[in-house]
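These figures come from a predicted structure and were not determined experimentally. Chain A is the first sequence line, chain B the second, and so forth, proteins listed ahead of strands; every chain is numbered from 1.
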Amino acid sequence: MSKIKLITKGLVKDNPTFALVLGMCPTLGTTTSALNGMGMGVATMCVLVLSNMVISAVARFIPDKVRIPSYIVIISAFVTIIQLLMQVFLPSLYETLGLFIPLIVVNCIVLGRAEAFANKNSVIDSACDGLGIGLGFTLSLTVIGLVREVLGSGSAFNWHFLGGDGMLIFVLAPGAFLVLGYLMVLFKKLTAKKEE
Amino acid sequence: MLLSLGVICLVCSALLAVVYQFTKDPIDAATVAKTNKAIAEVVPAFDNVPSEEVSEVELDGTSYKVYTAKSAGQVVGYAVESSAVGFGGPINVMVGFDAATGAIYNTSVISHSETPGLGAKITDAAGHFREQFLGLNPRTFSLKVKKDGGDIDAITASTISSRAFTSAVAAAYNVFLSLNSGETDAESGASKPAETVADNQNNEEESNE
């Protein structure tokens, strides 16, 4: 598979949110606005690319029996590094995402890509795969966040185009499920047409 | 097996130690800068560094941080860090008092986890809710939301957040009062009659219910 294809397949065919349906916890929890969703997506993408690269590089030295704990240690190290760096450079985003940053460790997307792709492929391919899946995740979270922000608070990327409030339910928890469900229907419909 | 896992753990922890070392100072500096910014928002103009003039005040078993703002050696105001439990978790606020008048100078929300679009409006400094506190003297004003018999208009559909914010401000005011009565701070203590203290203690008991 070409490198470009590795990156683009994460956007549509293997889209982690709408096609693989992985990492639902941060998807539902952090998408109260477009920027929050994007921030979470980018943080996950950084961890994904770095952990994919390192795991593909060291996979053949790790005995099969301890591979999962080894991956977790590597992933959590990167997550903690991202968390510390975020506190320095993006303190406001760090405050909004809060608990969800350490939770990237147990995000099934990251461990899933390590298991399914990184430990059998080259470092470069794994980096491309991480980038593709990460971009797909970022895009999905941004779209969900944007829809929720537009409907729920009448703004887009913190830009208010509506006076007053929107439909608050979309910013609250039920709105996350509603938007995710409808977007998933839309996504399936669009991709089904493509395959015909 | 043990060896490879051991090596991975060792390398990862070494890496973390290095990153921690590099980020520790900027994170600490950012925390201090944030406190200073919050203080600057809530007290009259000062020329000292209030984050270095901090005292701990104990009131009803809770410890509050009080920052003193001075201009040319004169105390111009106090910033009291206070908190209350809101709808989504603790709300930490900085409440500034004008030392000359004993009134609230301004308020600032340090951190909160209220619902976006509802309770999170307590951070909107230009909104009606926060404006109510500007220059308010709690001596002539009941620091409780109208639903609880006070004088503060709560944010629509966010009574719990409004109540928490208001009670945090009331707690800060009590700290400010105890500061004046306890330390015999001449310039600001004199401006408050004894009855105010008693009056406000009443208030606080009610808000604790």
Side-chain angles (χ1 to χ4, degrees), chain A residues 30-33 35-36 50-51 54-55 58-92 94-96 98-99 145 148-149 151-155 158 164-173 175, chain B residues 1-38 87-92 108-121 123-124 126-129 155-158 160-161:
Chain A
T30 62
T31 52
T32 50
S33 74
L35 276 181
N36 283 357
L50 291 170
S51 67
V54 170
I55 286 169
V58 299
R60 64 199 133 110
F61 305 112
I62 301 174
D64 235 24
K65 273 186 188 159
V66 292
R67 70 178 195 288
I68 300 287
S70 309
Y71 297 167
I72 296 281
V73 171
I74 293 168
I75 293 166
S76 54
F78 281 122
V79 170
T80 315
I81 289 171
I82 299 272
Q83 188 184 359
L84 288 169
L85 292 178
M86 220 168 171
Q87 261 175 289
V88 176
F89 298 107
L90 299 163
S92 58
Y94 174 76
E95 254 165 47
T96 339
L99 183 67
R148 288 180 68 187
E149 198 184 346
L151 294 176
S153 13
S155 61
N158 289 341
D165 299 320
M167 292 173 273
L168 274 170
I169 192 165
F170 284 102
V171 180
L172 305 176
Chain B
M1 199 189 297
L2 261 181
L3 184 75
S4 62
L5 200 54
V7 169
I8 287 172
C9 288
L10 202 69
V11 173
C12 285
S13 45
L15 197 66
L16 278 184
V18 172
V19 176
Y20 178 74
Q21 277 301 322
F22 275 108
T23 53
K24 193 178 177 297
D25 290 341
I27 290 174
D28 289 349
T31 316
V32 173
K34 206 179 159 201
T35 313
N36 273 332
K37 196 172 152 266
F87 187 73
I91 301 174
N92 290 309
S108 165
V109 177
I110 304 170
S111 65
H112 74 96
S113 34
E114 301 308 289
T115 319
L118 285 171
K121 280 187 195 146
T123 57
D124 181 9
H128 173 68
F129 179 69
I155 299 167
T156 311
S158 310
I160 295 173
S161 307

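- Taking CE of A:Met86 as the start and CD1 of B:Ile27 as the end, the distance is 12.0 Å to the nearest 0.5 Å.
- Heavy atoms closer than 4.5 Å to chain A are found in the side chain of B:Lys34, but not in its backbone.
- Put simply, CG on B:Leu5 and NZ on A:Lys65 are 13.5 Å apart, with the number rounded to the nearest 0.5 Å.
- For CZ of B:Phe87, the number of neighbouring non-hydrogen atoms (other residues, nucleotides, ligands) closer than 6.0 Å is 12 at most.
- In this structure, chain B has heavy atoms under 4.5 Å from both the backbone and the side chain of A:Pro69.
- Between A:Arg67 atom CZ and B:Ile8 atom CD1 the span is 12.5 Å, to the nearest 0.5 Å.
- Closest non-hydrogen pair, A:Ile74 versus B:Cys12, comes out as CA-SG, 4.0 Å.
- Among A:Leu84, A:Ile82, A:Thr80, the one residue that satisfies the side-chain contact (heavy atoms from CB on, under 4.5 Å) test with B:Val19 is A:Leu84.
- Residue contact with chain B, scored on non-hydrogen atoms closer than 4.5 Å, involves the backbone and the side chain of A:Ser70 alike.
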